[in-house]
Enquirer: 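The structure that follows is given in the form of structure tokens.
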There are 4 protein chains.
Amino acid sequence: MSEPIEEWLDELNKLGEEKSMTDKQLKIVKAASEIFAEKGFAGSSTSEIAQRAGVAEGTIFRHYKTKKELLVSIVAPVMAKLVAPFVMREFYKVLDSRYDSYDQMLRAILENRLAFLEKHLNVLKIFIQEIPFHPELQEQFEKLILAKVFEKVTPNILRFQEEGTLVNWSPYTIIRLTVSSLIGYAAIRMIYGKREGSSWNDEKEREATIAFIMKGLAP
Amino acid sequence: MSEPIEEWLDELNKLGEEKSMTDKQLKIVKAASEIFAEKGFAGSSTSEIAQRAGVAEGTIFRHYKTKKELLVSIVAPVMAKLVAPFVMREFYKVLDSRYDSYDQMLRAILENRLAFLEKHLNVLKIFIQEIPFHPELQEQFEKLILAKVFEKVTPNILRFQEEGTLVNWSPYTIIRLTVSSLIGYAAIRMIYGKREGSSWNDEKEREATIAFIMKGLAP
Amino acid sequence: MSEPIEEWLDELNKLGEEKSMTDKQLKIVKAASEIFAEKGFAGSSTSEIAQRAGVAEGTIFRHYKTKKELLVSIVAPVMAKLVAPFVMREFYKVLDSRYDSYDQMLRAILENRLAFLEKHLNVLKIFIQEIPFHPELQEQFEKLILAKVFEKVTPNILRFQEEGTLVNWSPYTIIRLTVSSLIGYAAIRMIYGKREGSSWNDEKEREATIAFIMKGLAP
Amino acid sequence: MSEPIEEWLDELNKLGEEKSMTDKQLKIVKAASEIFAEKGFAGSSTSEIAQRAGVAEGTIFRHYKTKKELLVSIVAPVMAKLVAPFVMREFYKVLDSRYDSYDQMLRAILENRLAFLEKHLNVLKIFIQEIPFHPELQEQFEKLILAKVFEKVTPNILRFQEEGTLVNWSPYTIIRLTVSSLIGYAAIRMIYGKREGSSWNDEKEREATIAFIMKGLAP
DNA sequence: GATGAATGAGTGTTCATTCAT
DNA sequence: CATGAATGAACACTCATTCAT
């Protein structure tokens with residue numbers, strides 16, 4: 001795989017990561033991520049977060065006005081970076097020329113986002129848990145994530161359809177079917193793939209998933 | 001579609017529904033379902049539930065020893081009924097003879113369970129939200145739901161594979177791919193299908209989804 | 001020991017015991033006695049009493065207007081009977097003529113009251129625990145018990161003092177010293193006398209106690 | 001009476017008394033002692049304690065994890081100090097040489113402990129009320145108090161018996177008889193000695209009590 | 001900037017008591 | 001006479017947040 005792209009992605013992912021965070025602040029964010037992921041936002045207490053972070057309770061509120069602000073400060077940057085590849089203009093320029101099938105595009109995205117997902121598993125768990133209860137998050141998600149993804153992916157789909165390598169359904173439908181298959185793969189992989197004694201064969205399942213999508217979306 | 005089966009299913013779904021629930025108890029369960037769905041389990045307070053149900057707070061605890069027992073008492077029966085069709089011995093006997101393709105099986109299940117899902121949307125939301133935090137629910141889900149579904153669906157998949165109408169992957173993989181596509185369809189349908197001014201064309205999306213699965217799983 | 005006296009005492013002790021109590025009422029009183037003794041009045045709940053008695057909660061309040069009335073109804077009659085021997089005019093008539101020493105009087109009282117104490121241990125425990133918190137009980141105790149005992153015992157002490165067989169202290173002092181020794185004996189006997197592997201030798205301890213009192217009160 | 005001993009005892013009693021207690025904590029302990037003594041542990045509410053202490057209810061639980069921990073934290077140190085003289089190695093070394101009779105030992109202990117008792121009356125009331133319901137307190141009492149007292153007093157009793165100045169009963173019996181007489185004296189003194197218009201003559205009663213014990217335990 | 005004691009509203013739960021059946 | 005569902009005040013305890021140090 002093209003090294004430049006990977007490097008660019010990595011840089012982008014790091015972008016702003018620990019920007020001007022004090023040592024204590026970092027500890028707080030780390031502790032909060034863990035505890036929010038374990039028990040959910042409402043089920044977590046600031047005192048437990050302070051304890052695990054090894055700071056005083058007051059210190060949390062010196063950096064974040066409320067508990068909810070702490071939540072958002074954790075979730076927002078990861079969300080931003082989740083969509084990063086689709087925001088990069090260069091990304092698809094290169095992609096367009098390099099990967100000349102939906103299949104290859106799928107593999108590229110999957111591989112890159114899977115690594116990201118694994119790295120930020122906790123935050124994503126929090127995000128999924130909390131999105132129904134926080135309209136700000138919903139809006140952010142729709143505007144920042146969904147819209148960007150559609151914007152960037154749709155032209156590619158149209159191109160593949162013109163080339164006659166993709167079924168002639170609405171791009172929204174194609175994206176929906178693709179994404180639900182990929183999420184289904186990623187979810188089961190997270191839950192069962194790491195259990196002891198599990199018979200999960202990642203290579204086989206990934207190939208099956210991509211084959212399933214490709215055959216399902218063949219013209 | 002065979003009327004008797006549908007009727008049987010309906011009856012089964014109703015079975016034991018409000019059996020021996022007092023008026024107040026019903027109000028409590030209704031209010032709790034709504035509030036749990038709105039704010040999550042940990043974010044809901046028993047006092048608010050009591051208020052919305054129009055009963056005294058003490059009344060809740062006369063019927064349910066703890067708040068968690070209230071949660072489980074709401075979620076468990078719906079989960080049980082979700083899987084009801086797969087528990088019916090008759091179901092597949094008839095199915096085997098009537099529907100002679102995976103396609104038809106899919107449609108039959110989808111149609112029936114979709115109505116159920118819509119009816120119990122709140123409870124399913126609660127279930128999905130809370131399952132990560134309550135090991136009892138996880139166990140129940142795996143033992144009561146997943147196991148039953150696999151047990152009943154696997155033989156049919158094997159039969160279709162023998163007949164050469166289904167790709168030769170592991171039944172687990174086939175179920176995973178099918179279910180993630182169906183859930184994706186149902187989820188988007190719930191979220192976007194009912195928005196005002198939505199361009200969601202349910203008939204078309206459902207056909208696309210089934211076509212996607214069938215093509216994706218063709219041998 | 002004179003049989004008639006014992007029989008009279010026994011009859012008196014039984015007097016009014018189950019006077020017009022329904023079956024349920026008896027069960028309630030029994031259950032309440034046990035639970036009050038185990039956990040104290042404030043620490044016991046009417047629901048637990050109802051449960052152990054095998055009646056509905058409402059039934060308790062049909063017979064006793066409040067929880068406190070239940071307490072008093074349990075404690076009062078036993079208190080009344082505790083003092084019974086001293087109220088019997090016949091008792092001391094006979095006593096005066098039959099036992100011609102403080103020593104013999106002591107033994108007579110001790111033996112009779114010890115049996116009573118053992119039989120009503122629970123109620124006495126309740127009484128001792130609750131007396132500090134219920135002024136009615138205090139008053140009742142002073143008026144019904146203490147006053148009667150002094151009234152009846154004082155003449156006997158004076159007589160023994162005249163006869164020159166008892167030290168010439170105030171009867172109140174003599175009663176105080178006697179009673180504290182007897183209570184001390186009874187208390188330790190209750191606590192340690194029944195422990196498994198206990199080396200408590202009741203006969204020896206009782207004789208020592210009486211000898212101690214007699215020598216301590218010798219002129 | 002030897003001044004040095006008294007001073008040592010006073011110092012010992014003060015030892016660690018209000019060590020590192022914040023102002024609020026002290027108020028809480030004081031309020032709790034009063035209310036527990038008035039109404040018993042189960043009958044007291046943390047909200048009332050907070051109110052009387054002039055602090056927020058939460059403040060109580062910042063210092064004591066549970067209501068019971070508050071109880072124990074009040075009772076335990078007083079119990080420990082009650083037995084303090086018996087723990088002092090010096091105490092009996094001096095006693096042995098200075099007081100050469102049981103009579104004098106009695107007076108020394110009585111005088112010192114009586115002042116202590118009066119000072120900590122509330123806590124002792126609490127202790128007596130609650131000991132039947134809290135096995136921790138029972139154990140503590142047996143191990144810390146009873147055992148220490150027996151350990152220290154027994155050798156002295158044996159010595160007096162060898163010298164022929166004390167009756168030849170088991171040390172346990174002698175301690176039991178002594179203690180019940182002393183407790184009886186202290187109890188009545190507390191209850192009646194301070195009533196208005198009471199005819200209680202403390203000097204006389206104390207002398208009578210000691211004379212009673214001494215005569216009762218004469219060989 | 002960091003602390004942690006203090007707060008008081010809020011939590012889930014228990015309680016003695018009532019009353020329609 | 002007995003029941004047990006219903007009550008709502010009270011309970012012990014937790015919480016996010018504040019603020020003097």
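Scope of the values below: all heavy atoms of this structure, side chains included, with no hydrogens, waters or symmetry mates. Each chain gets a letter, A, B and so on, in the order its sequence line appears, and its residues count up from 1.
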Enquirer: Measure the shortest side-chain to side-chain distance between C:His134 and C:Val72 over non-hydrogen atoms and say whether it is less than 4.5 angstrom.
Expert: no
Enquirer: Counting only N and O atoms by type, is there a donor-acceptor contact under 3.5 Å from the side chain of C:Lys67 to the main-chain atoms of C:Phe41?
Expert: yes
Enquirer: Output all residues satisfying side-chain contact (heavy atoms from CB on, under 4.5 Å) with B:Ile35, sequence neighbours left out; order by chain, then residue number.
Expert: B:Lys39, B:Ser44, B:Glu48, B:Ile49, B:Arg52
Enquirer: Can you list everything that forms a side chain to side chain donor-acceptor pair (under 3.5 Å) with D:Gln129? Sequence neighbours excluded, please.
Expert: none
Enquirer: Given F:dC1, is OP1 or OP2 found less than 4.0 Å from the side-chain N or O atoms of C:His63?
Expert: no
Enquirer: Between F:dA2, E:dA16, F:dT17, which one does the side chain of A:Lys67 approach most closely?
Expert: F:dT17
Enquirer: Both C:Thr46 and B:Ser44 contact DNA chain E. Which one's nearest nucleotide lies toward the 5' end?
Expert: B:Ser44
Enquirer: Which helical stems does DNA chain E take part in, if a stem means at least 3 consecutive Watson-Crick or G-U pairs with both distances below 3.5 Å?
Expert: E:2-21 with F:2-21
Enquirer: Under the side chain to side chain donor-acceptor pair (under 3.5 Å) test, which residues partner A:Ser73, sequence neighbours left out?
Expert: none
Enquirer: According to side-chain contact (heavy atoms from CB on, under 4.5 Å), who are the partners of A:Phe141, at least two apart in sequence or on a separate chain?
Expert: A:Phe127, A:Ile131, A:Ile145, A:Leu146
Enquirer: Partners of C:Thr66 by side chain to side chain donor-acceptor pair (under 3.5 Å), sequence neighbours excluded?
Expert: none
Enquirer: Could you name each residue pair satisfying ring-ring contact (aromatic ring centres under 6.0 Å, His included) that touches residues 53-74 of chain C, not counting sequence neighbours?
Expert: none
Enquirer: The side chain of C:Thr66 is closest to which nucleotide in this list: E:dA6, E:dT17, F:dT17?
Expert: E:dT17
Enquirer: Applying side-chain contact (heavy atoms from CB on, under 4.5 Å), name anything that partners D:Ala50, two or more places apart in sequence or on another chain.
Expert: D:Val55, D:Glu57, D:Ile60
Enquirer: Of all of residues 126-134 of chain A, which get a heavy atom below 4.0 angstrom from DNA chain E, listed by number?
Expert: none
Enquirer: Taking side-chain contact (heavy atoms from CB on, under 4.5 Å) as the test, write out the residues that go with D:Ala56, two or more places apart.
Expert: D:Thr59
Enquirer: Starting from P on E:dT13, measure out to NZ on B:Lys68 and report it in whole angstrom.
Expert: 11 Å
Enquirer: Taking only N/O atoms, report every protein-nucleotides 7-10 of chain E pair under 3.5 Å with atom names and distance.
Expert:
| from | atom 1 | to | atom 2 | distance (Å) |
| --- | --- | --- | --- | --- |
| E:dT7 | OP1 | D:Lys24 | NZ | 3.3 |
| E:dT7 | OP2 | D:Ala56 | N | 3.1 |
| E:dT7 | OP2 | D:Thr59 | OG1 | 2.6 |

Enquirer: Does anything in residues 122-143 of chain B form a salt bridge (charged side-chain N to carboxylate O under 4.0 Å, His left out)? List the pairs, not counting sequence neighbours.
Expert: A:Arg195-B:Glu142, B:Lys68-B:Glu136, B:Glu139-B:Lys143
Enquirer: Using the closest heavy atom to pick a nucleotide of DNA chain F for each, name whichever of D:Gly43 or A:Phe61 lands nearer the 5' end.
Expert: D:Gly43
